Amino acid sequence: MAGAVTEQGRCGRAVVRGAGMRRRRLPLATGALTALTTLMGCSGPGNGPICTMIGMDSGVSVGWRTADFPDEATIVRVCVDGKCKERLSVDADGPVLRLTVPLKQDIGGKTVTVRLTVTAGKDERVVTTDTRRVKLTEQHPNGVSCPPTAWTAAFRAHPSKGLIAPKGLSPR
């Protein structure tokens, strides 16, 4: 095509224009280019939102440093509105552990009661106990216009302070 000019059009598609020539789109050559346009947020036909497939469940999570509750027989128990889960405070999984109490996916932004009980396994003595009320936060892992919508809250279990903000709770 003499005098034709190739340029990049919207969403990564090549567009060829020349003298007296209408603009036309060339098909994408490979699946890799299709994936690239998807990552760029270009949906192709319909131009609706592109959604990733990241899953997320509603729930309340409590994390802790294993060094905070080093006794291998210590049990961490978390209850949310009467629904409870528990696990040992020390595990080979790493220096930071977490326990999540799942909630109904469509629970909404209601306020729930979270109860923490840490019990020493040897003598069943309560090491730490605390109760907090928290409003669940709306989460959209794939963007606001894409499913799922999850409702979550997170705390850190501290030996002397009970349930606190999870700041500084990284696996390092």
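Basis for what follows: all heavy atoms, side chains included, without hydrogens, waters or symmetry-related copies. Predicted, not measured: the structure shown is a model, and the values here were computed from it.
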For this session: Name all residues meeting the salt bridge (charged side-chain N to carboxylate O under 4.0 Å, His left out) criterion together with Asp71; count only those two or more places apart in sequence or in a different chain, and write none if there are none.
Result: none
For this session: Can you sort out the partners of Pro147 under side chain to side chain contact (heavy atoms under 4.5 Å, CB included), two or more places apart, ordered by chain and number?
Result: Cys51
Problem set entry | pair Val76-Ser89: side-chain heavy atoms closer than 4.5 Å | yes
Problem set entry | Thr128 side chain near Phe69 side chain, heavy-atom distance below 4.5 Å | yes
For this session: Using the test side chain to side chain donor-acceptor pair (under 3.5 Å), find all partners of Asp81 that sit at least two apart in sequence or belong to another chain.
Result: none
Exercise. With a 4.5 Å heavy-atom cut-off, do Val118 and Thr74 have their side chains touching?
Worked result: yes
Problem set entry | Side-chain touch Leu136/Thr152, heavy atoms, less than 4.5 angstrom | no
Exercise. Between Pro141 and Pro148, is any pair of side-chain heavy atoms under 4.5 Å apart?
Worked result: yes
Exercise. Can you name the residues that form a side chain to side chain donor-acceptor pair (under 3.5 Å) with Thr149, not counting sequence neighbours?
Worked result: His140
For this session: Go through the structure and list residues passing side chain to side chain contact (heavy atoms under 4.5 Å, CB included) with Thr137, not counting sequence neighbours.
Result: Gln139
Exercise. Side chains of Arg98 and Val62: does their closest heavy-atom pair fall under 4.5 Å?
Worked result: no
Exercise. Going by heavy atoms in the side chains, are Thr113 and Thr131 under 4.5 Å from each other?
Worked result: yes
For this session: Given side chain to side chain contact (heavy atoms under 4.5 Å, CB included), test Arg115 with Asp130 step by step and report yes or no.
Result: CA-CA 6 Å; Arg115 186 168 40 95; Asp130 194 10; over 6 Å; no
Problem set entry | salt bridge (charged side-chain N to carboxylate O under 4.0 Å, His left out) partners of Asp106, counting only residues at least two apart | none
Which pairs of donor and acceptor atoms, one on a side chain in residues 153-164, lie under 3.5 Å apart (sequence neighbours left out)?
| unit_1 | atom_1 | unit_2 | atom_2 | d |
| --- | --- | --- | --- | --- |
| Arg156 | NH2 | Asp68 | OD2 | 3.2 |
| His158 | ND1 | Ser160 | N | 3.1 |
| His158 | ND1 | Ser160 | OG | 3.3 |
| His158 | ND1 | Lys161 | N | 3.1 |

For this session: Search all heavy atoms of Pro102 against all heavy atoms of Lys85 and return the closest pair with its distance.
Result: CD-CD, 3.7 Å
Problem set entry | Sequence-distant partners of Leu88, side chain to side chain contact (heavy atoms under 4.5 Å, CB included), two or more places apart | Ile75
Seminar exercise, completed: Taken in chain and number order and not counting sequence neighbours, the residues that satisfy salt bridge (charged side-chain N to carboxylate O under 4.0 Å, His left out) with Glu86 are Arg77
For this session: Check Val60 against Leu103 and note the closest heavy-atom contact, atom names and distance.
Result: CG2-CD1, 4.0 Å
Exercise. Who pairs with Pro70 by side chain to side chain contact (heavy atoms under 4.5 Å, CB included), at least two apart in sequence or on another chain?
Worked result: none
Problem set entry | For Arg133, all residues meeting salt bridge (charged side-chain N to carboxylate O under 4.0 Å, His left out), sequence neighbours excluded | none
Exercise. Does CD belonging to Gln105 count more than 12 external heavy atoms closer than 6.0 Å?
Worked result: yes
For this session: Not counting sequence neighbours, which residues clear side chain to side chain donor-acceptor pair (under 3.5 Å) with Thr100? List them please.
Result: Ser61
